[in-house]
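What follows is a short report on a single structure.
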Amino acid sequence: MAGHFLYKTIDKELFDSLGIEFKRSFVACLRNGKKQPLEEKQLAKSDDPLEKMLEDPTSYWDHRSEGVLVDMSVSIEHPSMLFGRSGVAFSDATLGFGIEWLAKESKIRDYVFLGYIKNTKSSISFSKSNVFVKDFTSDVTFRVVFFISEPGTPAQGLFFGNQKGLVLGKVDRLKIVVKGKGSVFPLNIVSRPNEALWKVTVDFEDPYSDPFTDDNVRISFNKDNPAFPFINEDDKENYNPEFFKEILGASFAALLLEIRHNYEKDKFDLNRESYPGSIHTAIKYFAHSLDIDVNGSPAEVAKSAISYIEKEYK
């Protein structure tokens, strides 16, 4: 968006006037060679409409090590707004256009070129298939990028950037949240005065068909407990990441053991088929993709779960 430049750049008002629509779909590349479509969903309790999360209904995708293929298309209803007195480029210039993405923690940045924009009153569209995005180990932001491809003829009274390759604007269009606000297990915040900091709840009838959602299994953190500020990432003054990992690991292990206790033989049959998105499918994902020892002794399950949390929340 606009910043402190000696030439005009794309601000929010201009961007909104372009009538841009960004469509996309995601397919996970699983380590067994199979492709699994992912569902893009609005992030719960987020005030940012750009924040989404990717959900695998089969629970097999491991975002830490398995990349994603993205099909993307962008349409611009009013490209002429970018040119002339109301825009950011001279009337006969040619702009380049693409999508950039940036992983928050690794700082890995990548880009795909989509096409050229000329001064026309007709709507235009671009598309690209099978764009590989490798790094989903942390939040990933996708933004549209405009730059000068071919300089235009300068016009009197207009102070436009006109150097080939000059970036005229980058605008966020999507933020995929993969950790922190998102989680591989149901986690919610409750208000329970005078009760423990955390609690696991397991209430299902058939683990092979009942979904792995907070209707059936969940970890609850109690915001009324005096220790809650130390696990609350929004509390910058008191938050203790090591204590948070310790509590999350212990509660995750307790959840796995409680689910296992509700099975007929107090053991998970990891070869048994189950419905996509079910509790049992999630357990198989924890075992096969996250290397969690779900059938070990309580101490072994706890050690394995805590080890996973330590790696996930570095």
Query raised in the report: Do Lys284 side-chain atoms and Arg272 backbone N/O form a donor-acceptor pair below 3.5 Å?
Result: yes
**Report entry** N/O donor-acceptor pair under 3.5 Å between Asn130 side chain and Leu69 backbone
**Finding:** no
Query - Any donor-acceptor N/O pair, Lys170 side chain to Arg143 backbone, under 3.5 Å - result: no
Report all side-chain donor-acceptor pairs from residues 17-27 shorter than 3.5 Å, counting only partners two or more places apart or in another chain.
unit_1 : atom_1 : unit_2 : atom_2 : d
Ser17  : OG     : Leu14  : O      : 2.6
Arg24  : NE     : Glu40  : OE1    : 3.0
Arg24  : NH1    : Phe22  : O      : 2.9
Arg24  : NH2    : Glu40  : OE2    : 2.6

**Report entry** Residue pairs fulfilling salt bridge (Lys or Arg N to Asp or Glu O under 4.0 Å) with at least one residue in residues 215-232, sequence neighbours excluded
**Finding:** none
Query raised in the report: Can you tell me if Thr153 and Asp92 form a side-chain donor-acceptor pair at under 3.5 Å?
Result: yes
Query - Heavy-atom donor-acceptor pair, Ser251 side chain to Ile247 backbone, under 3.5 Å - result: yes
**Report entry** Shortest non-hydrogen separation from Ala305 to Ile292 and the atoms involved
**Finding:** N-CG2, 4.4 Å
Query raised in the report: Do any N or O atoms from the side chain of Asn262 and from the backbone of Glu258 form a donor-acceptor pair under 3.5 angstrom?
Result: yes
**Report entry** Main-chain N/O of Val301 paired with Asp293 side-chain donor or acceptor, under 3.5 Å
**Finding:** no
Report task. Step through it carefully: locate the ring centre of Phe268, locate the ring centre of Tyr263, and say whether they are under 6.0 Å apart. Result -> yes
Query raised in the report: Under 3.5 Å, is there a donor-acceptor pair between the Asn119 and Ser80 side chains?
Result: no
Requested in this report: Please determine, by modelled atom types, if Tyr275 and His280 share a side-chain donor-acceptor pair under 3.5 angstrom.
Outcome: no
Report summary line: What one should report as the nearest heavy-atom pair of Asn225 and Glu195 is ND2-O, 3.0 Å
Query raised in the report: Between Glu310 (side chain) and Ser307 (backbone), is there a donor-acceptor pair under 3.5 Å?
Result: no
Query raised in the report: Between the side chain of Asn295 and the main-chain N/O of Lys267, is any donor-acceptor distance below 3.5 Å?
Result: no
**Report entry** Step-by-step ring-ring contact (aromatic ring centres under 6.0 Å, His included) determination, Phe228 to Tyr239
**Finding:** CA-CA 9 Å; Phe228 180 75; Tyr239 175 62; over 10 Å; no
Requested in this report: Search all heavy atoms of Leu95 against all heavy atoms of Ala89 and return the closest pair with its distance.
Outcome: CD2-CB, 3.8 Å
Query raised in the report: Of all heavy-atom pairs between Met72 and Val112, which one has the smallest distance, and what is that distance?
Result: SD-CG1, 3.9 Å
Query raised in the report: Does the Arg109 side chain pair with the main chain of Glu100, one donor and one acceptor, at a distance under 3.5 Å?
Result: no
Query raised in the report: With a 6.0 Å cut-off on ring centres, are Phe160 and Tyr7 close enough?
Result: no
Query raised in the report: Hey, is Lys175 close enough to Glu51 for a salt bridge, meaning N to O under 4.0 Å?
Result: no
Query raised in the report: Just checking, any donor-acceptor pair under 3.5 angstrom between side chains of Thr281 and Ser274?
Result: yes
Requested in this report: Determine, using ring centers only, whether Phe97 and Phe126 are less than 6.0 Å apart.
Outcome: yes
Query raised in the report: Looking at Leu54 and Leu38, what are the two nearest heavy atoms and their distance?
Result: CD1-CD1, 4.0 Å
Requested in this report: Output yes when Lys245 and Glu242 qualify as a salt bridge under the 4.0 Å nitrogen-oxygen rule, no when they do not.
Outcome: yes
Report task. Verify, without hydrogens or angle tests, whether Asp203 (side chain) and Asn216 (backbone) share a donor-acceptor contact under 3.5 angstrom. Result -> no
